[in-house]
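Written below as structure tokens is the structure these notes are about.
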Amino acid sequence: MTPDRLQDGIYFRSGQRPPPYFRLLLLDFPPSTQPTEAGSAIGRTLTMLGDLRQGNVRDLVGQDDEQTARAADEFRGTDFMVAFGARLFDNKQHNPPLVGSPRPDFLVRLAGDDEAFPALPWGVLSDRRGESDVALRLTGFSEASVNRSAVEIWKLQQDEKLAFKIVASFEGFSRRDGRGWLDFHDGVSNIESSERLVAIQAGPDPAWMGGGTYMCFLRFAVDLSAWRALDRAEQELIVGREKLTGRPLIGINRGPAGEVLPVAEAGAAAGQGVAPGADFREPPEVSDPLVKASHLQRANRNRASPSAPAAYRIYRQGYEFLETLDDHGPRLGLNFVSFQGDLGRLRRVLHLPTWLGDINFGGLPAGSAEHPPLQLISLVAGGLYCIPPSESPFPGAQLFNRSADESRAAR
Ligand code: HEM
């Protein structure tokens, strides 16, 4: 089997589990940056991050072996991944153009109007950031490791006057119990490990992306008060799983007063004997309209085998966040991150009715007395990115290999 060329930091191999801390750093190049300056700024930053992983901290040159080993220990397992947004390919933003290659299909900016996607509005407090020339995704085993990596990038940029500006940064964490803010298991069903590579690996068009992948980053605010106003049965129907066990729902029964009683599939509870997040449990095909309308069934309606294009499979790797907590309550949510072989697939999931195109999160569409639609999530920030495969000296380096003559000709 040929080894894959995906960058480190997509934890898709059997037994791999994403580390619990996440930080995404967004970088833009000023308009007149030369392609070679942009390329060397990225290369230099990635080299510095590699040195950091060895325990070599720039401001602590001269540390003895023991101190260096301790620093290396702190950064052990910290991964960094480089991604490029639609802005990098936009010649209105860059003169001279930074890259000579055309923008990959579906790598577009998110709609800036009221709604980024048909059922996903921008939140009131949204700053609508999330898109940039370059995104660096840092994941690691401590808050210190990802946060220090981010600040070391800033220091390097300042000291060496690297061509980029840091324009935004987002943090996130995951829970040890495998649940999210809704208190349901999340990531229970996340494509069987043997099928993940097929779902995430990009094809050879454009050639420089062959063997890479595409990332969707959507930072959602979750309205926890609205969620907690629902009773457990209502919540289970909206998610499509039993709350305590994580078992997928297969139908409903009616109680004495006609109330809906969700029925879950028999079998092992989520996480039994397997690490949360590494588990895989395909939800069964269901016929009850209420269960069919749940988030789980909408996001994967089992219409095709997971590897078929019409299955629109995406590999999720979300991280929760808590931004503020004051008298107005918590401002919290999910950094939804997904990897997929093409962004058209994600677009379809978020646009098609009966998928996530006609409802905010889950439930029956408006007009159903049985289950009034819930406005649970709104977008705070987000962006789409391509993640070129590993390559020397760094992923995507060939994009910036343009002579001054070529750059002038492209203007
Ligand atoms: C704040 C936003 C969101 C929250 C809190 C959330 C939460 C959940 C939960 C609790 C599950 C069930 C547990 C599991 O099977 O892993 C789930 C499953 C899933 N969600 Fe979401 N989700 C969110 C947004 C989205 C969006 C925007 C998409 C699509 C672009 C999506 C796609 C999926 C998929 C594909 C599954 C698994 C379905 C399957 O079993 O194949 N989610 N999500």
Side-chain angles (χ1 to χ4, degrees), residues 110 115-121 123 172 174-175 177-192 195-196 199-200 214-224 226-227 235-243 245-249 264-265 269-271 274 276-286 291-292 294-307 311-321 332-340 343-352 355-357 359-363 374-382 384:
L110 301 187
E115 286 168 352
F117 298 98
L120 295 173
S174 61
R175 282 168 54 163
D177 63 358
R179 295 175 187 265
W181 287 122
L182 305 184
D183 280 327
F184 278 68
H185 292 92
D186 197 358
V188 179
S189 160
N190 213 355
I191 314 185
E192 191 175 8
E195 285 163 349
R196 285 181 196 160
I200 62 182
Y214 292 90
M215 175 174 81
C216 167
F217 161 65
L218 299 174
R219 186 163 160 106
F220 287 112
V222 172
D223 185 343
L224 206 54
W227 182 247
Q235 291 184 348
E236 291 181 337
L237 278 172
I238 286 176
V239 170
R241 288 193 186 275
E242 204 170 51
K243 193 168 187 178
T245 64
R247 293 184 187 119
L249 300 189
E265 192 179 45
V274 270
D279 192 4
F280 159 75
R281 203 155 278 124
E282 193 70 46
E285 234 175 291
V286 294
V291 180
K292 234 179 166 144
S294 65
H295 180 74
L296 189 65
Q297 293 289 337
R298 283 172 172 277
N300 168 25
R301 299 188 16 123
N302 284 315
R303 298 181 225 209
S305 85
S307 53
Y312 304 149
R313 295 318 297 269
I314 57 178
Y315 182 53
R316 297 169 299 136
Q317 221 160 81
Y319 286 89
E320 313 290 315
F321 69 85
L332 52 72
L334 175 74
N335 294 293
F336 173 92
V337 177
S338 68
F339 298 103
Q340 45 273 304
L343 287 166
R345 198 180 306 167
L346 178 96
R347 200 187 141 74
R348 280 171 216 117
V349 171
L350 292 175
H351 278 82
L352 287 176
W355 287 77
L356 294 171
I359 197 81
N360 183 267
F361 192 70
L374 170 75
Q375 191 64 35
L376 180 69
I377 59 177
S378 55
L379 207 52
V380 180
L384 304 177

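Start at 1 and go down the list; that is how both ligands and their atoms are numbered.
Residues R247 and E265 are not paired through a salt bridge, judged by the lack of any N-O separation under 4.0 Å between the basic side chain and the carboxylate. Salt-bridge annotation for D183 and R175: present, with a side-chain N of the basic residue lying under 4.0 Å from a carboxylate O of the acidic one.
Across the listed options H295, R298, R345, H295 owns the non-hydrogen atom lying nearest to atom 42 (N) of ligand 1.
Proximity of H185 to ligand 1, defined as any heavy-atom pair under 4.0 Å, is confined to the backbone N, CA, C and O atoms. Residue-level proximity to ligand 1 for I191 is absent, since no heavy atom of it falls below 4.0 angstrom. Contacts between L334 and ligand 1 below 4.0 angstrom, taking non-hydrogen atoms only, involve the side chain exclusively. Under 4.0 Å from ligand 1, the heavy atoms of F336 that appear belong solely to its side chain. Contact annotation: for L120 versus ligand 1, there are no heavy atoms closer than 4.0 Å.
Residue contact check: A299 has heavy atoms under 4.0 Å from atoms 32 (C), 33 (C), 34 (C), 35 (C), 36 (C) of ligand 1. Counting atoms of ligand 1 from 1 in the listed order, those under 4.0 Å from a heavy atom of I377 are 1 (C), 2 (C). Here is the list of ligand 1 atoms found below 4.0 Å of a heavy atom in F220: 1 (C), 2 (C), 27 (C). Each of the atoms 12 (C), 13 (C), 14 (C), 15 (O) of ligand 1 lies under 4.0 Å from some heavy atom of R241.
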Practice problem: May I have the step-by-step check of side-chain contact (heavy atoms from CB on, under 4.5 Å) for F117 and L218, ending in yes or no? | Solution: CA-CA 11 Å; F117 298 98; L218 299 174; 4.0 Å; yes

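Counting heavy-atom neighbours within 6.0 Å of R347 CZ, excluding the residue itself, gives a total of 12 or less.
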